[in-house]
Every structure is written in C-alpha cells, then in structure tokens.
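All heavy atoms count here, side chains included; hydrogens, waters and symmetry mates do not. Each chain gets a letter, A, B and so on, in the order the sequences are listed, and its residues count up from 1.
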Number of protein chains: 2
Amino acid sequence: MPRRHCARHGLREQVGRWTEPRDVILDVLSRSKGHLSAKEIYDALYSSHPGIGLTTVYRTLELFRRLGFIQKVASPDGQARYELRTEENKGHHHHLICLRCGKIIDYQDFADEELELVKKTEKALAQKHNFLILDHNIEFLGLCDKCRQAAGDI
Amino acid sequence: MPRRHCARHGLREQVGRWTEPRDVILDVLSRSKGHLSAKEIYDALYSSHPGIGLTTVYRTLELFRRLGFIQKVASPDGQARYELRTEENKGHHHHLICLRCGKIIDYQDFADEELELVKKTEKALAQKHNFLILDHNIEFLGLCDKCRQAAGDI
DNA sequence: TGTATTAATGAAAATGATTTTCATTAACTT
DNA sequence: AAGTTAATGAAAATCATTTTCATTAATACA
Ligand SMILES: [Mn+2]
Ligand SMILES: [Mn+2]
Ligand SMILES: [Zn+2]
Ligand SMILES: [Zn+2]
C-alpha cells in the first residue's frame with residue numbers, strides 16, 4: 001500500500017510484496033542516524049503503528065540485510081544493530097563502539113591507508129588459508145565521551 | 001587443591017581461592033589451540049570431571065578475562081569463544097572467521113603496517129570524538145576451506 | 001472491479017546462550 | 001582441626017532472536 005520508499009529504491013522486484021511494515025521500518029531507518037536495534041525500531045514504530053509486531057521487525061531487517069540494503073552490526077551489549085547503507089557510508093566505514101553504553105560512532109578517517117592494508121591482507125590470507133574472504137570489520141572499543149565521565153570500570 | 005597452573009601463572013594473589021574447576025578449565029585452555037566456547041570447554045571437561053557445571057565454566061572464564069588471562073571473541077554463530085593469551089599471540093593478532101561453521105583462524109601477517117595504522121587512527125579518533133580507546137578488533141569474514149566446498153549460500 | 005493465490009503478518013511458544021539465585025561445599029586463615 | 005566465607009552446582013530466570021501456525025492482505029488476473 002504505502003509507496004513512500006518502494007519506488008525510490010527500486011526494490012519492488014526483489015522484495016516480493018511491498019507492505020506497510022516494510023515501508024514504515026525503512027522509513028524509521030531512513031530518518032535515524034543509524035545503529036538501531038530491532039527493539040528500538042519497534043519502539044519507534046509503536047506509537048504510530050501499534051499493530052506491527054517485533055517479529056516482523058526482525059524478519060524485515062533480515063530481508064533488507066539479504067538485499068544489501070542495510071548493514072548489521074554486532075554490539076557488545078548483546079543485541080544486533082542495523083544501519084541503512086547510504087551513499088556516504090557505502091564504501092568503507094568502520095566503528096568506534098562504547099563498551100559501557102553500546103553507542104556506535106561511524107568513522108571514515110584514513111580510508112585510503114585502511115583500504116590498502118585490507119586489500120593486501122585479504123590477498124595474502126585468502127591464499128595462505130584457502131579462505132574466501134567476503135567482508136571485514138575494523139572496530140575500536142572503549143568509552144564514549146559521556147561514559148568516560150560516569151566513573152570508569154569495565 | 002590442584003597446583004598445576006596456580007604457581008605457574010602467579011595468579012594465586014589476584015584469583016582468590018584456587019580451586020579444581022579453575023585449574024582444570026585453565027588446563028583445557030592451555031592444551032587446546034584456542035577459540036573454544038564455554039560449552040566446548042564444558043564438554044571437554046565432562047569425562048574426567050562430570051561434577052563441574054557449565055555455570056562454573058562461565059564464571060571462571062569471566063574471571064580469567066577480567067584478569068587479562070584470556071581473550072573473549074564474539075563469533076557470528078552466537079556463542080562467545082575464548083582463547084588463552086600466550087607469548088606469541090599476546091601483542092597483536094587478528095582473526096579470520098568462517099560465517100558458516102564459526103571456525104576462527106589467527107593471523108599476524110602485516111602486523112607492522114597494521115600497528116602503524118591502528119596507532120594513527122586511534123590517536124585521531126580519540127581526539128576527534130573524545131573517546132577513550134581501550135582495544136580494537138580487525139577481522140575478516142568469509143568461508144573456510146571446508147565450508148567453501150559444501151556449496152555456497154550465506 | 002472482484003476474486004483467487006499465497007506471501008507476509010502477528011501472537012504465542014520455542015530456542016539457546018548466558019546470568020541469577022540460593023543452598024551446599026570446600027579453600028584458606030588462624 | 002575448626003571457622004569463615006568465597007566458590008560451586010542445580011535449577012530457574014533472562015533476554016535476544018527464531019519458529020510455528022492460523023489469519024490477513026498484496027498482487028495477479030478473470
Ligand atoms: Mn555505522
Ligand atoms: Mn585468536
Ligand atoms: Zn558510552
Ligand atoms: Zn567453515
């Protein structure tokens with residue numbers, strides 16, 4: 001029914017049926033700065049669409065991930081987080097993750113050096129271990145601005 | 001009671017009471033090539049020490065981690081894996097993770113380039129975001145030798 | 001514009017890793 | 001050897017995610 005995002009992303013073919021939950025979930029992901037958990041998306045939806053179940057949020061996120069539309073990020077707090085793949089972050093962006101509150105900050109600094117090293121490493125490791133490399137993660141773990149203050153034991 | 005590892009690692013002070021479960025769990029970690037899950041450790045123990053509970057395995061692993069004795073690695077299969085910190089792997093070693101079977105392979109290639117990039121990035125990001133960086137992960141995801149063969153859809 | 005087909009949904013139950021609770025045991029102090 | 005209390009183990013609880021299954025509704029097409 002709702003066509004806000006359907007045409008925009010030219011997904012109708014790959015997606016199957018374009019439903020209201022799918023449209024609304026995509027909308028939430030579009031508006032936010034990213035790194036939302038399934039529960040956070042569900043909560044954001046709830047006031048305007050109390051009918052949409054958490055199960056559907058999970059299923060839709062998995063669908064979007066399969067289509068390469070969003071990226072799933074493991075957070076040390078135990079719940080997965082999801083972010084839309086946009087023009088800017090599409091190529092290469094990595095994460096600064098707060099061990100206390102789970103906040104995730106994107107960064108793209110040193111992308112060139114990083115890419116160079118990643119390519120070199122991929123090539124060598126793929127050969128050495130006969131491993132098919134599909135993706136990589138680089139992340140820095142620590143304490144965010146806020147959490148540095150609120151005392152410090154992890 | 002058992003003193004196999006207690007003295008060896010000079011842990012008695014920091015650890016509190018040195019118990020048989022702690023000794024045996026450390027022994028399993030020492031013997032293995034690393035990257036064991038709590039359940040795998042429990043299973044390895046079971047034949048010789050059926051009395052040791054899975055709960056104790058979890059508690060002991062958390063203790064060892066707090067003491068910096070082992071490293072905890074998140075695996076995409078949903079269970080955490082643990083490896084002893086040894087002389088070789090202590091400094092810097094990263095992971096090749098199979099998305100299908102969860103196998104984790106250590107690598108240390110390009111450690112110098114990596115370290116250089118990591119330091120540069122850490123410095124810049126810590127300033128830029130007022131973030132206290134405590135650790136980092138670099139990992140390559142894909143399919144291991146075995147899993148490449150057993151067909152290919154992820 | 002109906003109507004049929006069946007993919008998508010939502011509620012509830014199941015799963016599976018990890019954590020908590022609490023009564024019992026045993027490591028270490030004296 | 002005895003007392004103190006940290007550590008343990010079994011069972012229950014938690015919590016994110018997945019599965020089940022009956023119902024709904026998006027799309028194709030008459
Ligand atoms: Mn991101
Ligand atoms: Mn390792
Ligand atoms: Zn934080
Ligand atoms: Zn594999």
Side-chain angles (χ1 to χ4, degrees), chain A residues 1-7 11-26 28 35-43 45-46 48-67 70 72-82 102 104, chain B residues 1-7 11-26 28 35-43 45-46 48-67 70 72-82 99 101-102 154:
Chain A
M1 266 175 182
R3 282 293 114 73
R4 248 173 306 181
H5 295 280
C6 182
L11 277 182
R12 198 161 349 173
E13 318 74 41
Q14 332 166 47
V15 146
R17 299 179 181 177
W18 191 251
T19 65
E20 176 142 28
R22 288 172 183 188
D23 194 72
V24 176
I25 290 166
L26 187 50
V28 169
H35 310 120
L36 297 175
S37 69
K39 185 61 167 32
E40 284 168 352
I41 294 170
Y42 172 82
D43 289 342
L45 252 50
Y46 190 81
S48 57
H49 296 81
I52 296 178
L54 182 56
T55 308
T56 296
V57 175
Y58 274 107
R59 277 190 290 231
T60 303
L61 289 169
E62 173 56 20
L63 172 73
F64 288 170
R65 194 199 58 75
R66 273 205 322 272
L67 296 172
I70 64 177
K72 186 176 180 178
V73 183
S75 166
D77 69 358
Q79 55 191 332
R81 295 179 171 277
Y82 304 83
I104 299 179
Chain B
M1 267 180 180
R3 282 293 117 74
R4 247 174 309 181
H5 294 282
C6 183
L11 276 181
R12 198 161 349 172
E13 318 74 43
Q14 332 168 46
V15 144
R17 299 180 181 177
W18 191 251
T19 64
E20 175 140 28
R22 287 173 183 187
D23 194 74
V24 175
I25 290 166
L26 186 50
V28 169
H35 311 120
L36 297 175
S37 70
K39 188 58 168 32
E40 284 167 352
I41 294 170
Y42 172 81
D43 289 343
L45 252 49
Y46 190 80
S48 57
H49 297 80
I52 296 178
L54 182 56
T55 307
T56 296
V57 175
Y58 275 108
R59 276 190 291 229
T60 303
L61 289 169
E62 173 57 19
L63 172 72
F64 288 169
R65 194 199 57 76
R66 272 204 325 270
L67 296 172
I70 62 177
K72 185 177 180 177
V73 183
S75 166
D77 70 358
Q79 54 192 333
R81 294 179 172 278
Y82 304 83
L99 291 168
C101 72
I154 283 285

* If you fit an axis to the five pairs at each end of the helix from C:dT1-D:dA30 to C:dT30-D:dA1, how big is the angle between those two axes, to 10 degrees? -> 30°

* Electrostatic pair B:E62:B:R65 at N-O distance under 4.0 angstrom -> yes

What's the separation between atom [atom1] in [X] and atom [atom2] in [Y], rounded to the nearest 0.5 Å?
{"X": "A:I41", "Y": "A:I52", "atom1": "CD1", "atom2": "CD1", "result": "11.5 Å"}
{"X": "A:L67", "Y": "A:F64", "atom1": "CG", "atom2": "CZ", "result": "8.0 Å"}
{"X": "B:S75", "Y": "B:R81", "atom1": "OG", "atom2": "CZ", "result": "5.0 Å"}
{"X": "A:I25", "Y": "A:L61", "atom1": "CD1", "atom2": "CG", "result": "6.0 Å"}
{"X": "A:E20", "Y": "A:T56", "atom1": "CD", "atom2": "OG1", "result": "12.0 Å"}

* Going 5' to 3' through nucleotides 7-17 of chain D, assign each nucleotide B (protein heavy atom under 4.0 Å from a base atom), S (under 4.0 Å only from sugar-phosphate atoms) or - (no protein heavy atom that close). => SBBBB----SB

Rounded to whole angstroms, how far apart are [atom1] on [X] and [atom2] on [N]?
{"X": "B:E40", "N": "C:dT18", "atom1": "CD", "atom2": "C1'", "result": "16 Å"}
{"X": "A:L61", "N": "D:dT18", "atom1": "CG", "atom2": "P", "result": "10 Å"}
{"X": "B:R65", "N": "C:dT19", "atom1": "CZ", "atom2": "P", "result": "10 Å"}
{"X": "A:E62", "N": "D:dT19", "atom1": "CD", "atom2": "P", "result": "10 Å"}
{"X": "A:L63", "N": "D:dT18", "atom1": "CG", "atom2": "P", "result": "14 Å"}

* To do: Please tell me if the side chains of A:T60 and A:Y82 come closer than 4.5 Å, counting only heavy atoms from C-beta onward.
  => no

* Asked: When you measure from the side chain of A:R22 to the backbone N and O of A:V15, does any donor-acceptor pair fall under 3.5 Å?
  -> yes

